[in-house]
Amino acid sequence: MALAAPPTTRALRRVVVTGIGCVSPVGATAPETWAGVLAGASNARRLTFGGREYLAAPAHEGAAIPRARDRSRFINLAVAAAAEAVADAGSTALAVAPERRGVCVASGIGSLGDAVGAAETLAAGRKLSPYFVPRLLANMAAGAVAVDHGCRGPLTTSAAACAAGAMSIGEAYRLIEAGRADVVLCGGAESTVDEAAVAGFARLRALSSYAGDPAKASRPFDEARAGFVLAEGAAVLVLEDLETAAARGARAYAEVRGFGLSADAHHATAPRPDGSGALAAMVEALHGSNLAFDDVGYVNAHAASTLLGDAAEAAAIAAAFAGREHDPVLVSSTKGATGHLLGAAGALEAAITALALRDGVAPRTANLDDPLPVGGALRLLRDNEPAALACALSNSFGFGGTNASLLLARPPADLVDARGAEAVG
């Protein structure tokens with residue numbers, strides 16, 4: 001059987017975001033999620049596992065999440081987000097040959113709940129389900145999306161902890177840029193709001209110990225931050241070659257202009273205090289983009305509401321934008337609203353960053369009452385701020401010292417998406 005021949009040219013291609021799908025704690029869809037972030041909403045609550053209470057933020061109850069015996073919840077979350085993203089991109093988004101369609105969908109953990117359940121089943125002397133392994137594996141979300149949309153091109157899964165979602169988008173960007181695919185469905189999915197996960201993160205002292213209103217527990221960059229709120233959900237973006245998108249009359253939210261990776265090589269769970277690893281990822285994201293830090297108007301920070309992580313990232317951003325006291329970069333962490341989606345976080349935040357570029361508004365950091373002192377090169381946003389954003393960075397950092405940064409910019413004028421609020425030129 002003949003396969004579609006890849007392009008013979010090796011020239012780097014431009015890449016745009018033409019579709020977005022989200023299932024998050026603050027919304028059942030991408031538009032609902034964006035509205036929830038702008039409203040500073042939170043779905044955090046106290047859940048009881050094993051007789052103990054923990055803070056967590058399940059996915060929005062109104063989400064149309066499919067169910068299947070052979071697919072666990074994180075897989076179904078990815079399937080729902082991918083279906084929305086493809087519909088959003090338009091009926092011709094997947095008109096290219098199946099071999100030119102790729103999938104890069106990440107998960108930091110996979111289905112931990114299935115692993116725990118299997119251990120309990122074996123301990124009780126019962127047989128495992130024949131679906132145990134396909135429900136468990138982190139790459140099965142990507143596989144399910146590929147099956148649903150007939151994508152027979154490159155198929156990858158990043159499992160790089162909390163940087164995984166951003167890394168999947170970066171991988172998709174590089175595949176299209178290099179001519180290995182024309183369209184890639186990329187993002188991340190996570191569903192670990194269960195006893196093993198919350199108890200494990202609590203033992204690490206990473207999970208929020210906030211004693212007040214659960215809706216105020218996720219407090220990125222705030223002096224009263226006390227750990228992250230574990231959340232679940234998925235986000236999938238449709239990335240396309242710019243020429244392919246333009247030829248079919250598509251509208252784009254943003255153009256992907258760069259992707260940076262680095263390693264802290266410092267500690268299993270703690271970042272380098274000076275933020276040098278995070279800084280290196282941001283620097284690499286701008287390398288070769290023909291853009292400079294002076295062009296960046298907004299940073300969607302990874303800041304998850306942890307003592308060490310937020311301070312280290314603030315230091316990294318301050319170093320990157322040193323000398324910008326006359327025009328400080330706008331910075332927020334939307335985890336104040338959404339909580340921390342682990343392997344899906346970077347994908348969700350890249351989606352939010354694309355929407356910020358489209359609508360010309362930098363979103364707030366929910367629950368930022370007493371901001372961490374950060375210096376004059378950056379301004380932490382307590383409220384939404386209209387801004388004519390030309391480009392923005394979206395940061396994601398994970399356990400193991402892995403750092404990822406995505407550089408997004410407004411797309412060419414003839415592809416500007418105006419389906420939401422009026423775009424800012």
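This structure is a prediction, so every number in the text was calculated from the model and none was measured.
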Thinking salt bridges, do Lys216 and Asp222 make one under a 4.0 Å N-O criterion?
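A salt bridge is absent here (no side-chain N lies under 4.0 Å from a carboxylate O).
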
Check ion pair Glu61-Arg45 (N to O, under 4.0 angstrom)
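Salt bridge between Glu61 and Arg45, a charged N being under 4.0 Å from a carboxylate O: yes.
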
May I ask you to test the [X]-[Y] pair for a side-chain heavy-atom distance under 4.5 Å?
{"X": "Leu279", "Y": "Asp274", "value": "no"}
{"X": "Thr192", "Y": "Glu232", "value": "no"}
{"X": "Ser42", "Y": "Val229", "value": "no"}
{"X": "Lys335", "Y": "Phe228", "value": "no"}
{"X": "Val296", "Y": "Leu291", "value": "no"}
{"X": "Pro363", "Y": "Leu381", "value": "no"}
{"X": "Leu112", "Y": "Asp194", "value": "yes"}
{"X": "Leu55", "Y": "Leu207", "value": "no"}

Distance (rounded to the nearest 0.5 Å) between [X] [atom1] and [Y] [atom2]:
{"X": "Thr365", "Y": "Asp383", "atom1": "OG1", "atom2": "CG", "answer": "10.0 Å"}
{"X": "Ser289", "Y": "Asp295", "atom1": "OG", "atom2": "CG", "answer": "8.0 Å"}
{"X": "Arg67", "Y": "Asn76", "atom1": "CZ", "atom2": "CG", "answer": "9.0 Å"}
{"X": "Glu313", "Y": "Thr306", "atom1": "CD", "atom2": "OG1", "answer": "9.5 Å"}
{"X": "Met167", "Y": "Leu261", "atom1": "CE", "atom2": "CG", "answer": "5.0 Å"}
{"X": "Ser208", "Y": "Leu230", "atom1": "OG", "atom2": "CG", "answer": "11.0 Å"}

Please check this pair: side chain of [X] against backbone of [Y], looking for a donor-acceptor N/O pair closer than 3.5 Å.
{"X": "Asn384", "Y": "Arg364", "value": "yes"}
{"X": "Glu349", "Y": "Thr334", "value": "no"}
{"X": "Glu177", "Y": "Leu12", "value": "no"}
{"X": "Asp359", "Y": "Val361", "value": "no"}
{"X": "Asp241", "Y": "Asp182", "value": "no"}
{"X": "Ser396", "Y": "Ala163", "value": "no"}
{"X": "Asp310", "Y": "Phe221", "value": "yes"}
{"X": "Arg272", "Y": "Ala265", "value": "yes"}
{"X": "Glu385", "Y": "Ala362", "value": "no"}
{"X": "Arg410", "Y": "Leu357", "value": "yes"}

What's the shortest heavy-atom distance between [X] and [Y], and which atoms?
{"X": "Ile20", "Y": "Cys22", "answer": "CG2-SG, 3.9 Å"}
{"X": "Met140", "Y": "Ile75", "answer": "CB-CD1, 3.6 Å"}
{"X": "Arg135", "Y": "Asp114", "answer": "NE-OD1, 2.9 Å"}
{"X": "Arg101", "Y": "Cys151", "answer": "O-CB, 3.6 Å"}
{"X": "Ala202", "Y": "Tyr54", "answer": "CB-CE2, 3.9 Å"}
{"X": "Val79", "Y": "Pro66", "answer": "CG1-CG, 3.9 Å"}

In Thr33, Val193, Asn43, the residue satisfying side-chain contact (heavy atoms from CB on, under 4.5 Å) with Pro25 is Asn43

Given Val105 and Leu185, is the side-chain contact (heavy atoms from CB on, under 4.5 Å) satisfied, shown in steps?
CA-CA 7 Å; Val105 176; Leu185 311 184; 5.6 Å; no

Can you confirm whether more than 12 heavy atoms, excluding those of Asp414, are under 6.0 Å from its CG atom?
yes

Neighbour count >12 (heavy atoms, 6.0 Å) for atom CD, Glu243
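Counting other residues, nucleotides and ligands, CD of Glu243 stays at 12 neighbours or fewer.
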
Say whether Tyr298 and Ser332, considering side chains only, have a donor N or O and an acceptor N or O under 3.5 Å apart.
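A pair is found: one side chain offers a donor N or O, the other an acceptor, under 3.5 Å apart.
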
So, Thr18 versus Glu240: side-chain donor-acceptor pair below 3.5 Å or not?
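Side-chain D/A pair, Thr18 to Glu240: present.
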
Could you walk me through whether Glu255 and Arg14 satisfy the salt bridge (charged side-chain N to carboxylate O under 4.0 Å, His left out) test, starting with their C-alpha distance in whole Å, then the side-chain angles of each, then the deciding distance to 0.1 Å, before giving a yes or no?
CA-CA 8 Å; Glu255 180 177 357; Arg14 294 172 68 180; 2.8 Å; yes

Report the C-alpha distance between Val236 and Val145 in whole Å, list the side-chain angles of each, state the deciding distance to 0.1 Å, and finish with yes or no for side-chain contact (heavy atoms from CB on, under 4.5 Å).
CA-CA 10 Å; Val236 172; Val145 170; 5.5 Å; no

Do the ring planes of His302 and Phe397 sit parallel (below 30°), tilted (30 to 60°) or perpendicular (above 60°)?
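Taking Phe397 first and then His302, their aromatic rings sit tilted (interplane angle of 30° to 60°).
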
Check the orientation of Phe293 and Phe321. Use parallel for under 30°, tilted for 30 to 60°, and perpendicular for over 60°.
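Judged by the thresholds at 30° and 60°, the geometry between Phe293 and Phe321 is perpendicular.
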
